[in-house]
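From a predicted model like this one, the values you see are computed outputs, not experimental measurements.
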Amino acid sequence: MLIDTHAHLDYPEFQADFDAVLANARREGVTRILSIGTGLSASERAIELAAAHPEVFAVPGIHPNAVDEEPEDFLEALRALAKRPRVAAIGETGLDYFRFPKDGVFKSGQTVEEAKAKQAKYFRLQLDLAVELGLNVVIHQRASWDDTVAILSEYTGRLRAVFHCFGESLERALRVLEMGHLVSFTGIATFKNGDNVRDVAKVLNPGQFMVETDCPYLAPVPFRGQRCEPAHTRLVANILAEVRGESIEEFARHTTQTAETFFRL
């Protein structure tokens with residue numbers, strides 16, 4: 001029994017064969033899926049899917065790359081969504097500087113500093129909401145490590161977070177754990193250039209990490225370059241169990257327990 005802790009089931013890639021996608025997951029022993037929001041409409045759709053399918057739970061949030069697409073007063077709408085049934089956390093939220101222009105100015109005229117400030121504002125508002133509602137948080141961090149950790153450290157002891165799609169160093173993984181949070185691994189663990197992910201996963205203790213697909217992205221080998229789906233959680237689990245010297249049954253047991261506890265399933 002495995003849990004895909006990070007999927008985007010609301011995406012159009014799954015509309016044509018959604019029931020088959022869920023059936024594929026069940027066949028591979030993936031019994032529950034967290035559908036993660038990237039904006040208000042995506043979050044609404046995730047909640048609708050959770051209401052219609054018992055294996056799906058929803059996580060509403062505003063992705064850092066979507067902050068310019070959402071209204072400044074988004075918080076009331078997000079609060080209402082987060083109070084709906086089968087909501088398991090807030091997210092994904094965080095900071096993403098990966099595609100910021102090197103000259104410091106976007107085509108819109110917005111500066112990098114202005115963009116960073118807006119992402120930070122939306123991030124803090126979602127962390128505040130999580131504290132208010134007693135929910136944990138799914139973190140998106142890309143090319144923004146220091147600022148993400150600095151903001152999240154303000155909330156130490158008030159909530160727990162998972163750094164999804166973790167691909168940082170062991171030193172950074174230990175920093176996350178020291179703060180009381182978790183990490184989660186994707187199909188990158190199966191890639192030839194995924195040594196750092198495997199090396200980190202090898203030494204963490206049960207209860208410190210979870211597994212995910214981030215589908216439709218990051219399909220694991222041998223499906224790399226194709227659509228990823230929740231069934232592929234099994235392939236992520238297989239490779240990580242192997243490098244950890246665990247049976248797939250043992251690996252599934254402790255990662256499932258970790259996910260059940262974190263998301264309060």
Side-chain angles (χ1 to χ4, degrees), residues 1-39 41-66 69 88-89 91-92 94 96 98-99 138-142 162-167 183-194 197-198 201 210-242 248 251-252 255-256 259 263:
M1 181 173 68
L2 292 162
I3 299 177
D4 183 353
T5 62
H6 197 109
H8 296 287
L9 296 181
D10 66 288
Y11 278 26
E13 286 88 342
F14 298 116
Q15 287 183 3
D17 62 344
F18 188 83
D19 289 341
V21 167
L22 294 186
N24 291 343
R26 288 192 293 270
R27 187 177 62 248
E28 295 298 326
V30 181
T31 59
R32 281 167 289 182
I33 305 163
L34 280 295
S35 191
I36 311 296
T38 54
S41 61
S43 298
E44 175 76 39
R45 176 65 176 150
I47 291 169
E48 291 172 354
L49 292 172
H53 303 278
E55 59 264 68
V56 179
F57 293 82
V59 178
I62 311 296
H63 191 288
N65 289 337
E69 301 168 15
E92 61 188 286
D96 189 331
F98 183 70
R99 292 186 173 87
V138 176
I139 300 293
H140 174 100
Q141 181 281 133
R142 194 173 189 191
V162 57
F163 280 65
H164 105 92
C165 194
F166 193 81
V183 299
S184 183
F185 302 113
T186 65
I188 293 173
T190 70
F191 296 177
K192 286 183 179 179
N193 62 352
V197 172
R198 293 187 289 273
M210 299 182 285
V211 287
E212 60 170 282
T213 59
D214 198 17
C215 66
Y217 309 115
L218 300 175
V221 175
F223 299 103
R224 191 171 183 183
Q226 302 177 39
R227 181 189 72 174
C228 187
E229 58 182 84
H232 295 159
T233 308
R234 167 69 65 171
L235 296 172
V236 180
N238 285 345
I239 189 67
L240 293 181
E242 180 181 341
I248 187 60
F251 182 91
T255 55
T256 292
F263 291 107

* Asked: Under 3.5 Å, is there a donor-acceptor pair between the side chain of E212 and the main chain of C165?
  -> yes

* Apply side-chain contact (heavy atoms from CB on, under 4.5 Å) to T256 and R32, showing your working. => CA-CA 9 Å; T256 292; R32 281 167 289 182; 3.8 Å; yes

* To do: For the residue pair Y11 and T38, establish whether any side-chain heavy-atom pair is separated by less than 4.5 Å.
  => yes

* State, with a plain yes or no, whether a side-chain heavy atom of I248 is found less than 4.5 Å away from one of N238. => yes

* **Aromatic ring pairing F166/F185, orientation class (parallel under 30°, perpendicular over 60°, tilted between)** => perpendicular

* Asked: Is any side-chain heavy atom of D4 closer than 4.5 Å to a side-chain heavy atom of C215?
  -> yes

* **R142 side chain vs F98 backbone, donor-acceptor pair below 3.5 Å** => no

* Cation over ring, R224 on F191, under 6.0 Å and within 45°? -> yes

* Can you tell me how far the CZ atom of F251 sits from the CD atom of E242, to the nearest 0.5 Å? -> 12.0 Å

* To do: Indicate whether any N or O donor in one side chain lies under 3.5 Å from an N or O acceptor in the other, for E69 and H63.
  => no

* Short side-chain to backbone donor-acceptor contact, H8 and I36, under 3.5 Å -> yes

* Asked: Where does the angle between the aromatic ring planes of H164 and H6 fall among parallel (under 30°), tilted (30 to 60°) and perpendicular (over 60°)?
  -> parallel

* Asked: Between T233 (side chain) and V30 (backbone), is there a donor-acceptor pair under 3.5 Å?
  -> no

* Determine whether I3 and F263 make a side-chain contact, defined as any pair of heavy atoms from C-beta on separated by less than 4.5 Å. => no

* To do: Of all the heavy-atom pairs spanning C228 and T213, show the shortest one and how long it is.
  => SG-CB, 3.7 Å

* Under 3.5 Å, is there a donor-acceptor pair between the side chain of S35 and the main chain of A58? -> no

* Asked: Is there side-chain contact between R45 and L49, with at least one heavy-atom pair below 4.5 Å?
  -> yes

* Structure fact -> For L2 and R234, the nearest pair of non-hydrogen atoms, with its separation, is CD1-CA, 3.8 Å

* **Nearest heavy atoms of L9 and I33, plus distance in Å** => CD1-CG2, 3.8 Å

* Under a 4.5 Å cut-off applied to non-hydrogen side-chain atoms, are K192 and V221 in contact? -> no

* To do: Please name the pair of heavy atoms, one in T190 and one in L235, separated by the smallest distance, quoted to 0.1 Å.
  => CG2-O, 4.0 Å

* Pairwise side-chain contact, R227 with D17, heavy-atom cut-off 4.5 Å (strictly under) -> yes

* Where H140 and P64 come nearest, the two heavy atoms and their spacing -> CD2-CG, 3.7 Å

* Evaluate side-chain contact (heavy atoms from CB on, under 4.5 Å) for L240 paired with V211, printing each intermediate quantity in order. => CA-CA 9 Å; L240 293 181; V211 287; 4.0 Å; yes

* Structure fact -> Closest non-hydrogen atoms of N24 and A231, given as atom of the first, atom of the second and distance, are O-CB, 3.6 Å

